[in-house]
Amino acid sequence: MRFCLLDADYEIRDGKPIIRLFGVDAKGKALITKDDYQPYFYVLPKNKDKLKEKLNTIKMVRGIEEVKRKLGLNEREFLKVFVDLPQNVPLTRDEIKHSPLVEECYEYSVNFYKRYLMDKKFYPLDWLEADDKKIIKVTGGMPKLKVLAFDIEVVDDKIIMISIADNDGCMKLLTYKKAKNAEVLKNEGEMIKRFVKLVNDNDPDIIVTYNGDGYDFEMLRKQADAYKIDLAFGRDKSSVKFAKRAHMSSARIFGRVHIDLFKFVNNILSPQLQSEIFTLNEVATELIGEGKDELSMEDIIILWKSDVDRLAEYCRNDSLLTVKLAQKMLPQIFELSKLSGQLPFDCSRLTYGLLVEWFLIRKANELGYIVPNQPHWNEIQKRRELRPYKGGYVIEPRQGLHDDIAVFDFRSLYPSVIVTYNISPETLNCKCCKGGHKVPESNNYFCRKRQGFVSGLVKELIDKRMEIKEMMKTSGSDDKKQLDEQQKAVKIIANAAYGFFAYAGARWYCRECAEAAAAFGRESIKQSISAAEDYGFAVLYGDTDSLFVKLKKAGNIEKEAGSFLEKINKSMPGMIELELQGIYKRGLFVPQKIGAYTAKKRYALIDNKGKLLVRGLETVRKNWCDAARHLQHDVLRLVLNKKEKDAVRLVKETVERVSRRCIDIKDLVIRTQLGKSLDEYKATGPHVALARKLEKEGHIIREGMVMSYVITTGKGSIAERAAPSDKVKLDDYDVDYYLNHQIITVALRVLQVLGYKEEDFATKESSERFAKK
DNA sequence: TACGGACGGGG
DNA sequence: GGGTACGTCCGTA
């Protein structure tokens with residue numbers, strides 16, 4: 001049979017590990033094929049023969065082979081130790097790791113299915129041909145995959161609604177109250193059972209969610225456990241497995257690839273997005289130009305009581321939006337899978353650093369290198385404690401409002417720097433050439449004679465990207481689209497290499513390499529900046545990899561930005577490339593230091609369509625009250641539309657309304673989650689103080705509960721004055737707190753830059769309060 | 001000033 | 001077999 005590889009794992013059958021490969025054939029039919037493979041790891045022996053004797057006494061060991069592999073730049077002789085079961089690889093290593101016969105063990109923590117794919121040189125989305133004897137790679141295009149998205153709604157810890165949508169748009173809505181176009185079930189348990197059946201009937205290859213690992217599947221598991229329902233989503237009727245991963249569990253389904261789009265956005269895509277907020281609404285708006293009406297938790301509770309039809313519509317729209325977003329993002333995930341060799345399931349959940357790491361691991365394997373071991377926990381800690389090295393070059397922002405701004409992006413600079421100066425752990429201060437590439441402001445240098453492992457691979461990536469871009473020029477629109485996804489994937493991995501050198505958990509960690517790349521980078525960026533100034537731009541702000549400019553004299557910013565880029569890219573060495581990130585009508589720049597604390601990038605831009613791009617200012621999260629949250633956004637929008645006076649008036653109005661208690665108390669509610677059980681708290685924040693009070697009154701307080709409170713007048717710390725939001729009357733709230741810690745704080749973030757002080761927002765009602773301070 | 005704790009996404 | 005990110009900002013001590 002011939003199939004396109006989508007997923008893999010292994011099972012133990014009759015005491016033997018069996019690899020299972022999952023995929024679809026040309027007609028889109030799901031297939032599973034199995035293969036035998038033997039787990040192993042490498043040992044660098046001190047005494048080869050004696051070690052072999054010792055290994056042969058270990059029951060788990062099934063065979064030993066002598067092999068030559070490269071360790072760094074040198075070829076060494078290793079023992080390849082085969083064991084019976086994958087889980088016995090680390091156990092066998094434990095038995096010999098302290099032996100005087102062993103210098104070091106390697107590759108003992110590579111998952112068995114990854115080991116198999118790596119050794120066979122199988123990449124996800126490869127077409128494989130399997131017969132009774134063996135599996136070989138063949139050619140084939142992209143198969144048609146059935147994609148299904150789902151979304152749940154929850155009220156009071158109960159799932160009240162589930163919607164599903166697939167790539168044909170066909171949908172289903174399950175609930176247990178009467179609703180239009182819904183399938184109405186008897187209760188929550190029946191609904192979950194029905195959902196499981198629907199998924200199996202629909203038989204998707206890919207299941208997509210938005211934060212399904214962190215929420216929907218967790219919630220389903222909890223409720224299914226309560227009703228003793230088996231979440232048998234697997235193609236073999238197996239239940240969903242919750243794999244413990246680095247920081248959260250991932251919902252894994254046999255035979256179907258569960259892709260959590262939020263994880264991919266958060267881990268990989270976020271640096272390339274304009275938005276700093278990664279809600280489904282924001283991300284979908286940016287990527288597919290389609291958003292959604294957002295409902296608050298309270299809204300959902302109210303709608304469940306009063307307007308189930310509308311809630312159903314909301315729920316439907318969420319799964320539909322998720323499936324549309326998947327159509328946009330899956331090609332990107334697949335291209336990264338093809339490049340890094342990681343299964344789409346893993347690839348969509350890897351962090352930036354691990355994505356590079358797995359790319360390097362597979363390449364190392366293919367080039368005959370032994371993969372360096374992961375650093376030990378104490379080594380990672382040691383790396384983290386090192387003082388930070390000098391990073392990117394920062395130009396302090398020119399505080400205030402500016403018109404007609406061009407933003408240039410230097411991000412492709414780092415891969416070019418790594419290649420140009422051969423920056424790699426093995427080429428650092430080599431013995432062969434004392435006159436290597438010297439690092440600015442340092443005594444370190446990099447080899448000129450031998451290509452480094454990492455720098456060589458980054459070079460391949462850059463060359464590949466050039467090739468793809470060349471191909472794009474002569475290809476049709478469908479091919480072009482796929483090629484574009486390919487070049488983006490290449491760019492993602494190439495760009496991540498720099499950060500990877502400084503990532504404390506990295507196998508190819510090299511602080512000197514990161515330092516060097518930063519130093520060479522600073523040099524080149526400074527050159528680009530002076531070129532921009534010579535051209536006639538005023539530099540408004542720059543930080544590491546981005547540059548904000550406006551024209552010194554009147555002119556067309558878009559035209560000038562274009563011709564500047566053309567000019568500078570001709571004079572830039574090698575692959576160094578400056579890109580235009582965008583043109584903006586107006587921008588507000590906030591200095592990095594406000595009062596006592598410093599912050600990174602803080603600015604807000606507005607484009608010609610009136611769309612806002614906000615960085616570093618949107619600290620207004622759920623532990624702020626709605627009044628403050630909305631005020632900051634409105635103030636920003638007004639300021640960027642040159643309606644500064646209106647902004648100030650709005651702040652004054654809000655101050656006045658808060659002072660006069662002419663405000664809806666629900667706009668003053670602050671929410672904070674209890675992250676642990678009450679007795680574990682050392683510090684008593686407002687939410688903890690309130691929770692303790694409620695517990696004494698006989699309420700049951702559990703970890704994970706969200707406390708909703710309002711700060712009231714009275715004596716003591718803020719914490720002592722937090723009262724449950726549903727008990728607070730309009731006369732109770734603390735005007736001072738809401739003005740000075742919420743409303744004015746948030747307004748000043750923006751307006752301080754334009755020279756305003758808190759006195760400027762004083763009204764008759766509030767001036768007395770300011771005078772007192 | 002240092003440090004504990006929460007935030008993110010989802011509902 | 002491998003540690004619950006990680007950078008930021010609030011409030012308390």
Side-chain angles (χ1 to χ4, degrees), chain A residues 86-94 97 108-111 151-161 209-220 244-249 260-267 270 276-283 294-301 303-304 311 314-315 318 322 349 351-354 373-381 384 503-505 594 596-602 616 618-624 670-676 680-689 706-707 711 716-720 722 737 741-742 745 749:
Chain A
Q87 62 266 35
N88 289 341
V89 167
L91 296 182
T92 309
R93 182 238 171 190
D94 281 349
K97 68 179 173 189
Y108 45 81
S109 63
V110 177
N111 287 340
D151 179 55
I152 66 172
E153 303 303 325
V154 174
V155 164
D156 283 341
D157 278 340
K158 298 237 178 319
I159 303 174
I160 54 162
M161 220 173 248
T209 57
Y210 203 81
N211 199 24
D213 277 352
Y215 190 75
D216 301 58
F217 272 110
E218 286 287 347
M219 199 67 212
L220 275 167
K244 263 268 184 265
R245 308 198 129 240
H247 7 105
M248 208 192 268
S249 75
D260 182 340
L261 297 178
F262 165 68
K263 277 241 173 101
F264 185 68
V265 167
N266 201 39
N267 292 343
S270 50
E276 272 191 307
I277 300 164
F278 307 117
T279 57
L280 177 58
N281 182 30
E282 289 289 333
V283 172
E294 289 195 89
L295 293 181
S296 71
M297 219 156 81
E298 284 80 6
D299 293 336
I300 291 172
I301 295 168
L303 288 180
W304 179 234
L311 190 59
Y314 172 82
C315 183
D318 272 3
T322 305
R349 289 169 175 79
T351 58
Y352 223 64
L354 283 176
N373 286 329
Q374 279 176 319
H376 287 254
W377 175 230
N378 45 10
E379 172 63 20
I380 295 180
Q381 288 301 59
R384 286 194 178 144
Y503 165 55
I594 301 183
Y597 68 96
T598 54
K600 278 191 142 184
K601 308 169 196 288
R602 286 172 176 275
E618 237 147 19
T619 48
V620 184
R621 302 196 287 199
K622 83 173 166 206
N623 45 354
W624 289 78
I670 300 165
R671 286 177 199 83
T672 316
Q673 192 173 32
L674 290 167
K676 44 190 175 186
E680 286 175 79
Y681 280 97
K682 287 180 195 161
T684 308
H687 62 305
V688 179
V706 177
M707 308 308 297
I711 304 299
S717 65
I718 292 167
E720 288 166 67
Y737 173 80
H741 289 84
Q742 300 266 332
T745 315
R749 289 260 166 95

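Just so we're on the same page: letters track the sequence lines, and every chain starts at 1. Please read all numbers here as calculations on a predicted model, not as lab measurements.
Look at A/Arg384 and you'll find a side-chain N or O under 4.0 angstrom from OP1 or OP2 of C/dC6. When the side-chain nitrogen and oxygen atoms of A/Tyr503 are compared with OP1 and OP2 of C/dC6, none of them lie within a distance under 4.0 Å. The phosphate of C/dC9 has OP1 or OP2 within less than 4.0 Å of a side-chain N or O from A/Arg602. The phosphate of C/dT12 (OP1 or OP2) has a side-chain N or O of A/Ser717 nearer than 4.0 angstrom. Contact check, A/Lys676 against B/dG5: a side-chain N or O comes under 4.0 Å of OP1 or OP2. For the OP1/OP2 pair of B/dC7 and a distance below 4.0 Å, the side-chain nitrogens and oxygens of A/Gln673 include at least one atom meeting the criterion. Between A/Arg749 and C/dC10 there is a side-chain polar atom (N or O) within less than 4.0 angstrom of OP1 or OP2.
For A/Leu280, the side-chain atoms get nearest to B/dG10 when compared with the rest of C/dG2, B/dC7, B/dG10. Listed candidates were B/dG5, B/dG11, B/dA6. Nearest to the side chain of A/Glu153 is B/dG11. For A/Tyr215, the listed nucleotide lying nearest its side chain is B/dG11; candidates were B/dG11, C/dG1, B/dG9. Side chain of A/Pro90, nearest nucleotide from C/dG11, C/dG1, B/dG9: C/dG1. The side chain of A/Ala683 has B/dG4 as its nearest neighbour among B/dG4, C/dG1, B/dC7. Comparing B/dG11, C/dG1, C/dG11 by their nearest atom to the side chain of A/Tyr737 picks out C/dG11. Ranking B/dG9, B/dG11, B/dG5 by closeness to the A/Asn211 side chain, first place goes to B/dG9. Listed nucleotides: B/dG11, C/dG11, B/dG5. Nearest to the side chain of A/Lys682: B/dG5. Of the listed nucleotides (B/dG9, C/dG1, B/dG11), B/dG11 has the atom at the smallest distance from the side chain of A/Tyr314.
A gap of 15 Å separates the P atoms of B/dG4 and C/dA5, to the nearest Å. Taking atom P in both B/dG8 and C/dG1, one finds a spacing of 36 Å when rounded to whole Å. Comparing the C1' positions of B/dA6 and C/dT4 gives a spacing of 14 Å, expressed to the nearest Å. Distance noted for atom P between C/dG7 and B/dG11: 28 Å (whole Å).
Side-chain atoms of A/Asp216 do not come within 3.5 Å of backbone N or O of A/Asp151 as any donor-acceptor pair. A side-chain donor-acceptor contact under 3.5 Å links A/Asp299 to the backbone of A/Ser296. Distance alone, capped at 3.5 Å, is enough to place a donor-acceptor pair between the A/Tyr681 side chain and the A/Gly675 backbone.
Looking at heavy-atom distances under 4.0 Å, A/Leu295 makes no contact with the nucleic acid at all. Using a 4.0 Å heavy-atom criterion, one finds that A/Thr684 contacts the sugar-phosphate atoms exclusively. Across all strands shown, A/His687 has heavy atoms under 4.0 Å from sugar-phosphate atoms exclusively, and none from any base. Residue contacts for A/Phe217: at a heavy-atom cut-off of 4.0 Å it reaches no nucleic acid atom on any strand shown. Counting any heavy atom pair closer than 4.0 Å across all strands shown, A/Lys97 reaches a base atom. Across all strands shown, A/Tyr108 has heavy atoms under 4.0 Å from base atoms, whether or not it also approaches the sugar-phosphate. Across all strands shown, A/Gly675 has heavy atoms under 4.0 Å from sugar-phosphate atoms exclusively, and none from any base. Among the atoms of the strands shown, none is found under 4.0 Å from any heavy atom of A/Ile159. Counting any heavy atom pair closer than 4.0 Å across all strands shown, A/Ile301 reaches no nucleic acid atom. Across all strands, A/Phe262 comes closer than 4.0 Å to base atoms (heavy-atom distances). At the heavy-atom level, A/Asp151 lies under 4.0 Å from the strands shown only through sugar-phosphate atoms. In this structure, A/Asp318 reaches the sugar-phosphate backbone alone: every heavy-atom distance under 4.0 Å involves primed, P, OP1 or OP2 atoms, never a base.
Rounded to a whole Å, the CD atom of A/Glu680 is 13 Å from the C1' atom of B/dG4. Residue A/Leu303 contributes atom CG, which lies 13 Å from atom P of B/dG11 at whole-angstrom precision. Atom CD1 in A/Ile670 sits about 18 Å away from atom P in C/dC9, given to the nearest Å. Rounding to whole angstrom units, CE of residue A/Met161 and C1' of B/dG10 are separated by 16 Å. Rounded to whole Å, the distance from CZ on A/Arg671 to C1' on B/dA6 is 15 Å. Here B/dG10 presents its C1' atom at 11 Å from CD of A/Glu294, a figure rounded to the nearest Å. Here C/dG7 presents its P atom at 13 Å from CG of A/Asn266, a figure rounded to the nearest Å. Here B/dG8 presents its C1' atom at 13 Å from NZ of A/Lys263, a figure rounded to the nearest Å.
Heavy atoms only, all atoms of each residue included: A/Ala689 and A/Ala719 are closest at CB-O, 3.3 Å.
In terms of position along DNA chain B, the nucleotide closest to A/Val688 lies nearer the 5' end than the nucleotide closest to the other residue of the pair A/Val688 and A/Asp216.
At a threshold of 4.5 Å between non-hydrogen side-chain atoms, the residues A/Tyr108 and A/Asn373 count as touching. Counting heavy atoms from C-beta outward, A/Ile300 and A/Tyr314 have side chains that approach closer than 4.5 Å. Counting only heavy atoms from C-beta outward, the side chains of A/Asp156 and A/Trp304 never approach each other to under 4.5 Å. Counting only heavy atoms from C-beta outward, the side chains of A/Tyr210 and A/Val265 approach each other to under 4.5 Å.
Against the 90° criterion about 0, the sugar-base torsion of B/dG9 places it in the syn range.
If you check distances only, the side chain of A/His376 does reach the base of C/dG2 with a donor-acceptor pair under 3.5 Å.
Considering A/Asp213, A/Asn267, A/Asp260 as possible partners of A/Arg349, the one that fulfils the side-chain hydrogen bond (donor to acceptor under 3.5 Å, both in side chains) test is A/Asp213.
In this structure, C/dC6 forms a base pair with B/dG8, meeting either the Watson-Crick or the G-U wobble geometry with both donor-acceptor distances under 3.5 Å.
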